[in-house]
Each structure stands twice: as structure tokens, then as C-alpha cells.
**Q** 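Have a look at the structure that comes next, please.
Order of the sequence lines fixes the chain letters, A, B, ..., with proteins taken first and strands second; residue numbering starts at 1 for each chain.
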Protein chains: 2
Amino acid sequence: MPSGKKQPISVAAVAVDIAVLTIKDGQLNVLLIKANNSPFPEKWVIPGGLVKPNESIGDAVKRHLLAKTGLKNVYSEQLYTFGKVDRDPRGRVVSVAHFVLIPYGAFEPKTSEAYADIQWFPILKIPKLGYDHNEITETAFERLKAKLEYTNIVYSLMPKEFTLGDLQKTYEIILGKNLDKRNFRKKILQTKLLKKISKKTLGEAHRPAQLYSFAKRSPQFIEVI
Amino acid sequence: MPSGKKQPISVAAVAVDIAVLTIKDGQLNVLLIKANNSPFPEKWVIPGGLVKPNESIGDAVKRHLLAKTGLKNVYSEQLYTFGKVDRDPRGRVVSVAHFVLIPYGAFEPKTSEAYADIQWFPILKIPKLGYDHNEITETAFERLKAKLEYTNIVYSLMPKEFTLGDLQKTYEIILGKNLDKRNFRKKILQTKLLKKISKKTLGEAHRPAQLYSFAKRSPQFIEVI
DNA sequence: CCAAAAGTGTTGCGGTTACACCCATGT
DNA sequence: ACATGGGTGTAACCGCAACACTTTTGG
């Protein structure tokens, strides 16, 4: 029995926190905000907030993401649930962390009246964050690296049209290592995840490149790299 | 801002639910209980309960597991957090599901006064459970299968001493397929996870087998099968 | 002597890795 | 002309899969 004494049942509350990731300037970036009503007004944090009694966890992620950033219709995945007793100074809050992936160039953060500041930070150079958000972003980064190798998740980081060079660069940035161009192309084309577009790049100081897009923009498990 | 109106903040509460798994009678089994104080007194469920304001999620898992089953010092891992609005008829409860692995033969459930019934069920033949516990056990099964192939997690399902035949059988039961004996032995001995015991099996109607134990009983990431 | 599981190597195949040159465009 | 990234094939190597017989015990 949870409690011997008859006392009001007191329990932990639920929040969501969201590591929003994208590729920018040749690096993986995380979206950080400074919220005025935060217990850490001077520290950067990732977007998030409480889950209401009448909404699912996924809905809470959508709501807070939209409210804090304006983003919607993005790839989102549950990451891990963080539950240290003292992780929130205001009280006992358990956070279901998520990560969200944004195609590069698809979103430029704008400060609003409610949220003092909002900005992309290269994931390798993020400052000390509020709560346990450094741990959450680190976990998100690890998960992304792992999933890149056995799923087609990369589609959610790419724009509609891209070259094989762009795609390879995305892999190289996240995995932190160089890949062989010919082997990469062989492997990625084998998967049949891509389809050629009847267009090529123009206006760049080198040979035009074939453009591709993803055949299916939905999660699949496949040996990719 | 979460709420425009100034009203008491109402949020979801946090619980843990635990899929306890073991090998028994050549099958993977889950531990199910019937609790008298459950909203589903006639249905089997997996052990679990609320998280207190002053305990971490891991501590809540330990507490509920000990209270409901007597088990302690077991392998435990966070699985996924389930947060459908109506998953608990008593109110809004988000459950951080875990799975726990028990060496085979190490635990025989005993009914206590508080918990009407407690029993192992083959995972392929579990009945319709209370809450969303069928989904949780299914998720646990999938996770176990996946981790078996790229970690040394199997150690937590094995007794201290075992034969290579025993170990292979464990893999075969969980993965649901037969493995080649010679290839299995080569692969598993390559990993250096095992050490020979200076003992052999006795009293069985066949050639005695070399006994092994795990060199390290801690989680590692290694290509196993 | 029979049944049952333990124990043991080699070969072929397939996939991964390593590697270098020409092409098309803009400046 | 030159700089820049695009685009292409092959050979060596290594890891994985397939495969069968002998050994040791208990009954």
C-alpha cells in the first residue's frame, strides 16, 4: 500500500522539455530560450512546460512548442524521462524530454513579448543551462547520432530538395567524421529512400548537382550508414 | 504562458509501471498481479504505483517492486513514458514504464495479504490487462529483443553459472529463432564477456558441459549476436 | 547400446572499405 | 585558366553464414 497514514495523496507533476535541433552553419544547433517567468531568468533553457490534465504528452509538446517558438508539424520523438527530485526549484516536476528535428533553414527564431530571447546555439558550444537541460540536450544529441545510423530519420533534417553532397554533409556533421563520397552514394541510393527530381542546382561556382527528395517522409528502420 | 486565467495550476501526476521479465519453462515470462485496491480488481496488471514528491523515479521503481514482489537489486531500465489522457480511470496519471530482468529460477512469486494474486505468465499468452499494460509489456518485449543484439544485457537474465547451451537457449527464446551452435560460441567467446568456471555440469544424461559466468555484471555496449 | 547435449574448423559469399580521375559551372 | 564540388568503378579484405561429425555421460 502506498501510504499507511490517511493523508492527502501528494505526487509529482509532469512537464515536457523539448530539444529542438537543426543544422545551421555547418553545425548541429539547439534552440534555446530565456523566459522571463523562469526560475532561472538569467539562464538559457530549452522550451517546455507543464502537461495539463486533459492533454496527452504529445499534445503538450505541440502546445508548448507552438507557444514558445511558433513551430508546428515537425518531427518529434520521446527521448527520456528525467525525474531527479530537485531538478526544478519550484517543486517536484518530472520532465518527459523530447527532441524535435527541423530542416535546415526552415526556421529563424523571433523573440516575442513573453519570451525574452530565443536563439540557435551550436550544440558543441552551449552554455550552462537551467534545470538539467544540459543533460537533456546531451541525451538528444546521442540519440540523434545513434538513430542516424539505423533509421531514415535524417529526412526530418533536410529540406524538400537537396543534393547528395548536402545529405552527406549532414551525416558528417552529426556523426563528427568524414565519409567516403562514393561509398556514401552507393549505400544511400541502394536504400531506395531517395528519388531524383528533374532539376539540378544552378548558380553555384561548380558543376550543377542532381537534386533529390525523400520518397517517403515517414520513419523507417533501415541500415543507412 | 500556460494559462491566462489565474486559477490553481492543475497538472498530471506521475506513476511507474514495471514489466518484470524472466525465462521460465523455455519461454519469456512477465510477472502479473491482481491488486485488491485496483480500479480493475478482476484484471491482471503489472506492478507499479505513484511517485512521491520526495523520491526519484528510480527510487519509486525500487519501492513499488519491493512492496509488491519482494524483489530488490535487479536490473532495471527506463522503457518509455505513457501519457494518454484516459489511461487511468481514477484521474490523470502519466506512467514512466520500466522493465526489470530476473535470472531464471531466481524468483518464485508469493501472494501476500495486500496483493490478491501474483504469477508468471508467458509473454506470448498474456491475457487482456488493466490500464495500457498490454502496450507496456509489448514495448518491453520489443526493447529486450533489440538490446539483446547490441548489448550484454543478457547477463541479467542468467544465473551466476550457466553453460553455453543455456545461454544460447536464452537468446533463441527471446529472439524467437534458432542460432547456429558453432557460430554462436565463436561470437560469444570473442566478446570476452564470459569466463570459464573450474566446474562442469554433472548428473545429466549427456556429456558434462563447461560452466561459465559473466566477467562483468554491468551494462556494456557490444555487438553480441 | 542408445539418447542427448557438448564440443570443435573450414570454406564460400557478400558486403564494406579503400582509392583517383574527369566533368561542368562560375569567376 | 582556375577553383569548386559533382559524379563515377574496381579490387582487396574481412566478417558472417553454412555446414557434420566425434565425445561423454546417464539410463
**Q** I'd like to know if the side chain of B/Q119 reaches the main chain of B/L31, judged simply by a donor and an acceptor atom lying under 3.5 Å from each other, with no hydrogens or angles considered.
**A** no
**Q** Without swapping roles, check the side chain of A/H133 against the backbone of A/I46 for a donor-acceptor pair under 3.5 Å.
**A** yes
**Q** Could you check, using the six-membered ring where one of them is a Trp, whether B/F214 and B/F162 have ring centers closer than 6.0 angstrom?
**A** yes
**Q** Sequence neighbours left out, what passes side chain to side chain contact (heavy atoms under 4.5 Å, CB included) with A/V74? Give chain and number order.
**A** A/L65, A/L71, A/V100, A/I102
**Q** For a side chain to side chain contact (heavy atoms under 4.5 Å, CB included) check, start with the C-alpha distance between B/T170 and B/M158, then their side-chain angles and the critical distance, and finish with the verdict.
**A** CA-CA 8 Å; B/T170 300; B/M158 303 300 293; 3.3 Å; yes
**Q** Find the distance A/F184:CZ to D/dG7:C1' and express it as a whole number of Å.
**A** 14 Å
**Q** Restricting to side chain to side chain contact (heavy atoms under 4.5 Å, CB included), what partner residues turn up for B/E42, sequence neighbours left out?
**A** B/F40
**Q** Using whole Å, report how far CG of A/L189 lies from P of D/dG6.
**A** 14 Å
**Q** Mind jotting down which residue pairs meet the side chain to side chain donor-acceptor pair (under 3.5 Å) criterion with at least one end in residues 172-188 of chain A? Sequence neighbours excluded, please.
**A** A/Q168-A/E172, A/D180-A/N183, A/N183-A/K186
**Q** Does anything in residues 195-204 of chain A form a side chain to side chain donor-acceptor pair (under 3.5 Å)? List the pairs, not counting sequence neighbours.
**A** A/E161-A/K199
**Q** With the threshold set at under 4.0 Å for non-hydrogen atoms, list the residues of residues 197-206 of chain A touching DNA chain C in residue-number order.
**A** A/E204, A/A205, A/H206
**Q** Under 4.0 Å, heavy atom to any atom of DNA chain C: which of residues 159-179 of chain A qualify?
**A** none
**Q** Donor-acceptor check, side chain of B/N134 to backbone of B/L129, threshold 3.5 angstrom: yes or no?
**A** yes
**Q** Could you run down nucleotides 11-17 of chain D 5' to 3' and tag each one B, S or - for protein heavy-atom contact under 4.0 Å?
**A** -----SB
**Q** Check the pair A/E135, A/R87 against salt bridge (charged side-chain N to carboxylate O under 4.0 Å, His left out), reporting the backbone distance first and the verdict last.
**A** CA-CA 11 Å; A/E135 193 181 351; A/R87 57 175 298 283; over 6 Å; no
**Q** Tell me, which pairs form a side chain to side chain donor-acceptor pair (under 3.5 Å) where one or both residues lie in residues 144-160 of chain A, sequence neighbours left out?
**A** A/E77-A/K147
**Q** According to side chain to side chain contact (heavy atoms under 4.5 Å, CB included), who are the partners of A/P122, at least two apart in sequence or on a separate chain?
**A** A/Q27, A/N29, A/K125
**Q** Does anyone know the first and last nucleotide of DNA chain C in reach of chain B, 5' to 3', at under 4.0 angstrom to a heavy atom?
**A** C/dA3 to C/dT10
**Q** Is A/E138 salt-bridged to A/R143, cutoff N-O under 4.0 Å?
**A** no
**Q** Start with the C-alpha gap between A/K84 and B/D59, add the side-chain angles, then the distance that decides, and say whether salt bridge (charged side-chain N to carboxylate O under 4.0 Å, His left out) holds.
**A** CA-CA 10 Å; A/K84 285 205 191 105; B/D59 287 345; over 6 Å; no
**Q** Give me, pair by pair, the N or O atoms of the protein and of nucleotides 21-23 of chain D that are less than 3.5 Å apart, along with how far apart they are.
**A**
{"unit_1": "D/dT23", "atom_1": "O4'", "unit_2": "B/R207", "atom_2": "NH1", "d": "3.4"}
{"unit_1": "D/dT23", "atom_1": "O2", "unit_2": "B/R207", "atom_2": "NH1", "d": "3.2"}

**Q** Run the ring pair (Phe, Tyr, Trp, His ring centres under 6.0 Å) test against B/F184 and tell me which residues pass, sequence neighbours left out.
**A** B/Y171
